Structure formats: structure tokens, C-alpha cells
Amino acid sequence: MASLLIVRLGGDIVGHCDALCYLARHDVCTCICGGANHRAGLEQAIANTRALHTEWLERARGDAAIDVEIDDSVQHLPLFPL
């Protein structure tokens, strides 16, 4: 299960978006994407994360110093379509 975006504060995960969101079967989204990737499927979730990650990180950061992990599929455009 690929986590497209993980936010850590002091080593603890404080926000993330993964397959439980973009392949969700439930109605409620509680991850860092705020619902943008919910049930979107992997390809659309990657596109959304590329476009919106800065906004999500600003919201998660507040006044704290955070560490961020962004999946390679989000950071780089694929040579071939998924």
C-alpha cells in the first residue's frame, strides 16, 4: 500500500494519505488530503497530491517543524503511464 504523503512531527506520523483513502470503500476521509483523494483511485490521487501537497503541508505544519515523505510516484512524472 503506497503512502503518497506522510507527515511526521518528532518521529510520530501526524498525517498521511495512502490506499486506505484513495481506494476507500467507506464514506469518511480522515487523512491529510481532506477528502481530495478519497475514492479517487491511484492515478488521480497522484495527480491531486502533486497539485495540492503544498496546501496540505501548510495546514499540517502550523507553527511546528515537520518532516515530510513524498512517494516517488508523486515527485516524478512517470516515463510511461501507470
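Keep in mind that this is a model prediction, so the values were computed, not measured. Excluded from the calculations below are hydrogen atoms, water molecules and symmetry mates; all remaining heavy atoms, backbone and side chain alike, are included.
For residues 24-45, the ring pair (Phe, Tyr, Trp, His ring centres under 6.0 Å) pairs, not counting sequence neighbours, are H26-H38.
Of all the heavy atoms in N48 and A36, the pair that sits closest is ND2-O, 2.9 Å. Here the shortest heavy-atom pairing between C29 and G34 reads SG-C, 4.4 Å.
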Could you list the donor-acceptor pairs under 3.5 angstrom formed by side chains in residues 8-16, with sequence neighbours left out?
{"from": "R8", "atom 1": "NE", "to": "E69", "atom 2": "OE2", "distance (Å)": "2.7"}
{"from": "R8", "atom 1": "NH2", "to": "E69", "atom 2": "OE2", "distance (Å)": "3.1"}

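Between the side chain of R39 and the backbone N or O of R25 there is at least one donor-acceptor pair closer than 3.5 Å.
V28 forms part of no hydrophobic cluster, judged by ILVMFWY side-chain heavy-atom separations under 4.5 Å.
Taken from CG in L5 to SG in C21, the straight-line distance is 11.0 Å, to the nearest 0.5 Å. Summarising the geometry, atom CG belonging to L57 is positioned 11.0 Å from atom CG belonging to L52; distances are rounded to the nearest 0.5 Å.
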Applying side-chain contact (heavy atoms from CB on, under 4.5 Å), run through I6 and I32 and close with a yes or a no.
CA-CA 9 Å; I6 299 173; I32 195 167; over 6 Å; no
Please report the C-alpha distance between C17 and S3 in whole Å, then the side-chain angles of each, then the deciding distance to 0.1 Å, and finally whether the side-chain contact (heavy atoms from CB on, under 4.5 Å) criterion is met.
CA-CA 6 Å; C17 186; S3 289; over 6 Å; no
Dump the intermediate steps for side-chain contact (heavy atoms from CB on, under 4.5 Å) on I46 and N37, then the final yes or no.
CA-CA 8 Å; I46 289 171; N37 290 343; over 6 Å; no
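Residues that satisfy the side chain to side chain donor-acceptor pair (under 3.5 Å) test with E55, not counting sequence neighbours, are absent from this structure.
With a 4.5 Å cut-off on side-chain heavy atoms, L4 and H53 do not count as touching.
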